[in-house]
Visitor: 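Handing you this structure, nothing more for now.
This is a predicted model, so every value here is computed, not measured. Side chains included, hydrogens not; waters and symmetry mates left out as well; all remaining heavy atoms used. Quick note on labels: first sequence line is chain A, next is B, and so on, each numbered from 1.
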Number of protein chains: 2
Amino acid sequence: MGILEGRWKLLIIHHLLVRQPRRFSDLERAIPRVTQKMLIQQLRALEADGVVRRIVYPELPPHVEYELTEAGVALTPALNALHDWAADSCPGP
Amino acid sequence: MGILEGRWKLLIIHHLLVRQPRRFSDLERAIPRVTQKMLIQQLRALEADGVVRRIVYPELPPHVEYELTEAGVALTPALNALHDWAADSCPGP
DNA sequence: CAGTATCCAATTCGATACTG
DNA sequence: CAGTATCGAATTGGATACTG
C-alpha cells in the first residue's frame, strides 16, 4: 500500500474517471492549484504503479494522453465510497 | 479532503476498526514501525478531524483509550473497497 | 503508561525559468 | 504542448532522551 499517497493522486484519478482520456494540459486545467512539476511527478508515479497509462502521439505539436489502466478503473468503488464518506462526514455550509 | 493523508492514518483507522477501543500502547504494538511521535501526532490529527475520539481515565498509571467516532466507523466501506482493490491489483507472489 | 521535547535528515512542494 | 531543471521553503519523519 501507499500507492495513493500524495496530495494529488486521488484528484488525478478522479478526473480521469470523470473523463478519459485526458491530455496533460487538460488535467492541468482540471486541477487548478497543481503545478506542472507535481502533476507530471504524480502521473509518473501512478504510471509506475500501474494505475495510469501514458499514450504518446508522435505529432507536432506534441500530444500525450493519459488514461486509467484496468487497475485504475478498479478503484472506482473505493473512490465512490470515499466520496460518499466525505460528503456525509465533512459537511460544508 | 486530505483528511486521510499521512502514512499512518489509514493504518490507525484500520486497527481501530479491527478492535475498539485501543490503548495507546496497543496501537503502538499493532503498528510496528511507527514511532511514538508519529502515532500521537496522527492520532491528534484524526481527533481534530472528528474521526477518532480520545478517552482519558484519570487513573494511575495513566489509561487512555482511542475509538472511532461515527464518522470514523463510516469509513468502513471505503476502507474495505480500498483493501479489496489492493488485494486484486497489487498481487504479491 | 502515555505521552513531551529536541534535534536532525529526508522528503515534498511551489515558484520560476527554460526546451524540443 | 508537454514537459525538464533548479532552487529554496516548508513539511514530514525518525532517533533519542526525558516526564507526571
Visitor: Quick one: side chain to side chain contact (heavy atoms under 4.5 Å, CB included) partners of A:Ala45, sequence neighbours excluded?
Guide: A:Lys9
Visitor: Excluding sequence neighbours, so at least two apart, what forms side chain to side chain contact (heavy atoms under 4.5 Å, CB included) with A:Ile31?
Guide: A:Trp8, A:Leu11, A:Ile12, A:His15, A:Val34
Visitor: If every non-hydrogen atom of A:Pro77 is compared with every non-hydrogen atom of A:Ala74, which pair is closest and at what distance?
Guide: CD-O, 3.2 Å
Visitor: Can you list every pair that meets ring-ring contact (aromatic ring centres under 6.0 Å, His included) and has a residue in residues 30-49 of chain B, with sequence neighbours left out?
Guide: none
Visitor: Provide the full list of salt bridge (Lys or Arg N to Asp or Glu O under 4.0 Å) pairs with a residue in residues 27-48 of chain A, sequence neighbours left out, each pair given once.
Guide: A:Asp26-A:Arg29
Visitor: Ignoring hydrogens and angles, tell me if any N or O in the side chain of A:Ser89 forms a donor-acceptor pair with the backbone of A:Ala86 under 3.5 Å.
Guide: no
Visitor: Have a look at A:Arg44 and say if it touches a base, only the backbone sugar-phosphate, or nothing, with a 4.0 Å heavy-atom cut-off.
Guide: sugar-phosphate
Visitor: Through direct or indirect side-chain contacts below 4.5 angstrom among Ile, Leu, Val, Met, Phe, Trp and Tyr, which residues connect to A:Leu60?
Guide: none
Visitor: Distances under 3.5 Å between protein N/O atoms and the N/O atoms of nucleotides 7-13 of chain C, please, pair by pair.
Guide:
{"residue": "C:dC13", "atom": "N4", "partner": "A:Lys37", "partner atom": "NZ", "Å": "3.1"}

Visitor: What would the secondary structure line of DNA chain D be in dot-bracket form, counting Watson-Crick and G-U wobble pairs under 3.5 Å, with [ ] for pairs that cross earlier ones and | for pairs with another strand?
Guide: ||||||||||||||||||||
Visitor: Just the endpoints, please: which first and last nucleotides of DNA chain D, 5' to 3', lie under 4.0 Å from a heavy atom of chain B?
Guide: D:dG13 to D:dG20
Visitor: For DNA chain D, find the residues of residues 56-69 of chain B with a heavy-atom distance under 4.0 Å and give them by number; none if there aren't any.
Guide: B:Pro62
Visitor: If you define the side chain from C-beta out and look only at heavy atoms, does anything of B:Met38 sit under 4.5 Å from B:Thr35?
Guide: yes
Visitor: What donor-acceptor contacts under 3.5 angstrom involve side-chain atoms of residues 52-59 of chain B, with partners at least two apart or in another chain?
Guide:
{"residue": "B:Arg53", "atom": "NE", "partner": "B:Glu67", "partner atom": "OE2", "Å": "3.3"}
{"residue": "B:Arg53", "atom": "NH2", "partner": "B:Glu70", "partner atom": "OE2", "Å": "3.4"}
{"residue": "B:Arg54", "atom": "NE", "partner": "B:Tyr66", "partner atom": "OH", "Å": "3.3"}
{"residue": "B:Tyr57", "atom": "OH", "partner": "B:Glu65", "partner atom": "OE1", "Å": "3.3"}

Visitor: Output the residues of residues 15-24 of chain B in contact with DNA chain D, where contact means a heavy atom of the residue under 4.0 Å from an atom of the strand; sort by number or write none.
Guide: none
Visitor: Tell me the ring-ring contact (aromatic ring centres under 6.0 Å, His included) pairs involving residues 18-44 of chain B, sequence neighbours left out?
Guide: none
